[in-house]
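Heads up, the thing below is written out as structure tokens.
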There are 2 protein chains.
Amino acid sequence: MGIIRKTQSVEVLLNEFQEKSNAISAIELIKRLSSQINKTTVYRVLDKLEDDGVLHSFLDNSGIKWYAKCNDCSKAGHTDMHPHFQCVSCGKVDCLSIEVTIPPIPNREIEVSQILIQGRCESCNVK
Amino acid sequence: MGIIRKTQSVEVLLNEFQEKSNAISAIELIKRLSSQINKTTVYRVLDKLEDDGVLHSFLDNSGIKWYAKCNDCSKAGHTDMHPHFQCVSCGKVDCLSIEVTIPPIPNREIEVSQILIQGRCESCNVK
DNA sequence: ATAATTAATGCAACTGAGTTGCAAATATAG
DNA sequence: CTATATTTGCAACTCAGTTGCATTAATTAT
């Protein structure tokens with residue numbers, strides 16, 4: 001698919017990812033933009049932005065979908081594989097720029113790996 | 001909570017994990033046992049077996065819940081942290097007994113980490 | 001053993017994130 | 001600026017998982 005037209009919805013959504021660099025859940029976006037964009041459209045635009053390598057998505061431990069900006073991805077594929085961190089205290093989720101190496105597994109061909117780390121984030125750790 | 005009574009449902013469910021050692025999705029269990037156990041009960045018993053450290057659970061990439069036998073866990077907590085592998089071809093999921101080390105992250109306290117690896121399993125790799 | 005107590009079960013109805021079909025609206029190409 | 005193709009909104013749906021409550025089955029006490 002991919003983004004074809006620079007529509008209002010696309011602009012509004014992209015804008016949400018401009019400021020802060022942490023991940024945002026689809027649900028949160030739907031809530032935030034409920035007066036401007038329809039829920040279905042939010043899902044559809046997010047989908048396309050992902051196809052286009054602008055955003056990447058992942059599920060948290062309760063199965064809800066999160067989106068965050070991509071750094072080195074393209075339409076060709078999401079190559080930027082990194083772990084995600086979810087704070088068990090405040091719920092904030094962000095991308096970690098650390099490398100986690102998955103050792104090769106006998107007889108299995110690894111395609112992708114999703115790593116979700118849970119713990120207490122910097123701000124919640126102090127309190 | 002924890003398991004208190006050795007009921008029929010508990011026995012039937014535990015039996016499903018006796019034979020093969022790979023993970024089974026809640027949905028699959030509900031289908032398999034539909035004539036013997038009610039869906040609600042399946043969810044509730046799985047929940048308790050997890051609390052008791054008999055089974056552990058995780059979500060796959062489409063957000064559905066899987067359960068597998070624990071090896072070194074107890075009521076005190078699930079200590080046996082290992083990656084899970086889902087075959088993109090046949091859908092089979094199993095526990096990997098490999099170690100994946102998450103490096104310490106500055107200012108963050110890691111509690112748990114979920115690693116889901118996707119690729120082609122041994123049998124699907126041959127074909 | 002049997003009654004009393006407490007936990008587990010089944011059912012039906014619900015929840016909530018995400019999806020689908022389709023007609024109306026809006027971008028882009030010609 | 002019209003024609004064509006893509007997006008959008010809406011309402012209705014899907015489907016895994018949950019909840020409340022009355023019934024049933026285990027366990028404990030008698």
For this session: Output the residues of residues 25-42 of chain A in contact with DNA chain C, where contact means a heavy atom of the residue under 4.0 Å from an atom of the strand; sort by number or write none.
Result: A:Ala26, A:Ile27, A:Lys39, A:Thr40

Seminar exercise, completed: Between CG of B:Asn61 and C1' of C:dG18 the distance, given in whole Å, is 16 Å

Problem set entry | B:Asp47: side-chain hydrogen bond (donor to acceptor under 3.5 Å, both in side chains) partners, not counting sequence neighbours | none

Exercise. Can you name the salt bridge (Lys or Arg N to Asp or Glu O under 4.0 Å) partners of A:Asp94, sequence neighbours left out?
Worked result: B:Arg108

Exercise. How many Å lie between CD on B:Glu11 and P on C:dA8, as a whole number?
Worked result: 15 Å

Exercise. Other hydrophobic cluster members with A:Ile98, side-chain heavy atoms of Ile/Leu/Val/Met/Phe/Trp/Tyr under 4.5 Å, chained?
Worked result: A:Phe85, A:Leu96, A:Val100, A:Ile102, A:Ile105, A:Ile110, A:Ile115, A:Ile117, B:Phe85, B:Leu96, B:Ile98, B:Val100, B:Ile102, B:Ile105, B:Ile110, B:Ile115, B:Ile117

Exercise. Which residues pass the side-chain contact (heavy atoms from CB on, under 4.5 Å) test with B:Ser21, sequence neighbours left out?
Worked result: none

For this session: Check salt bridge (Lys or Arg N to Asp or Glu O under 4.0 Å) between A:Glu109 and all other residues, then give those that pass, not counting sequence neighbours.
Result: none

Exercise. In the single-linkage hydrophobic clustering (I, L, V, M, F, W, Y; side-chain heavy atoms under 4.5 Å), do A:Ile24 and A:Val10 co-cluster?
Worked result: yes

Exercise. If only side-chain N and O atoms of A:Ser9 are considered, is one of them under 4.0 Å from the OP1 or OP2 phosphate oxygen of D:dT8?
Worked result: yes

Exercise. D:dG17 base to B:Arg44 side chain: any donor-acceptor pair below 3.5 Å?
Worked result: no

For this session: Quick one, give me the B/S/- string for nucleotides 24-30 of chain D, reading 5' to 3', where B means a protein heavy atom under 4.0 Å from the base and S means that only happens at the primed atoms, P, OP1 or OP2.
Result: -BBS---

For this session: To the nearest Å, give me how far apart CG (A:Asp47) and P (C:dT19) are.
Result: 7 Å

Problem set entry | Distance in angstrom units between B:Lys48 NZ and C:dA7 P, rounded | 10 Å

For this session: Could you pull out all residues at least two apart from B:Ile64 that satisfy side-chain contact (heavy atoms from CB on, under 4.5 Å)?
Result: B:Ser25, B:Ile27, B:Asp60, B:Ser62, B:Trp66

Exercise. So, is B:Tyr43 close to the D:dT18 phosphate, meaning a side-chain N or O under 4.0 Å from OP1 or OP2?
Worked result: no

Seminar exercise, completed: note: B:Leu13, atom CG; C:dG10, atom P; distance rounded to Å ~ 11 Å

Problem set entry | Under 4.5 Å side-chain linkage, directly or through intermediates, the cluster mates of A:Val88 | none

Problem set entry | Atom-pair distance (NZ on B:Lys65; C1' on C:dA17), nearest Å | 16 Å

Problem set entry | Polar side chain donor-acceptor pair, A:Asn61 to A:Gln118, under 3.5 angstrom | yes

For this session: Quickly work out the A:Trp66 CH2 to C:dA17 P distance and round it to whole Å.
Result: 12 Å

Seminar exercise, completed: Applied to residues 29-41 of chain A, the side chain to side chain donor-acceptor pair (under 3.5 Å) test, sequence neighbours excluded, yields A:Glu16-A:Arg32, A:Glu28-A:Arg32, A:Asn38-A:Thr40

Problem set entry | Whole-Å gap separating P (D:dT7) and CG (A:Leu14) | 14 Å

Exercise. Taking ILVMFWY side chains as joined if any heavy atoms are under 4.5 angstrom apart, and letting links pass through other members, which residues group with A:Leu59?
Worked result: none

Problem set entry | Axis bend over the full length of the helix from C:dA1-D:dT30 to C:dG30-D:dC1, computed from five pairs that close each end, to 10 degrees | 30°

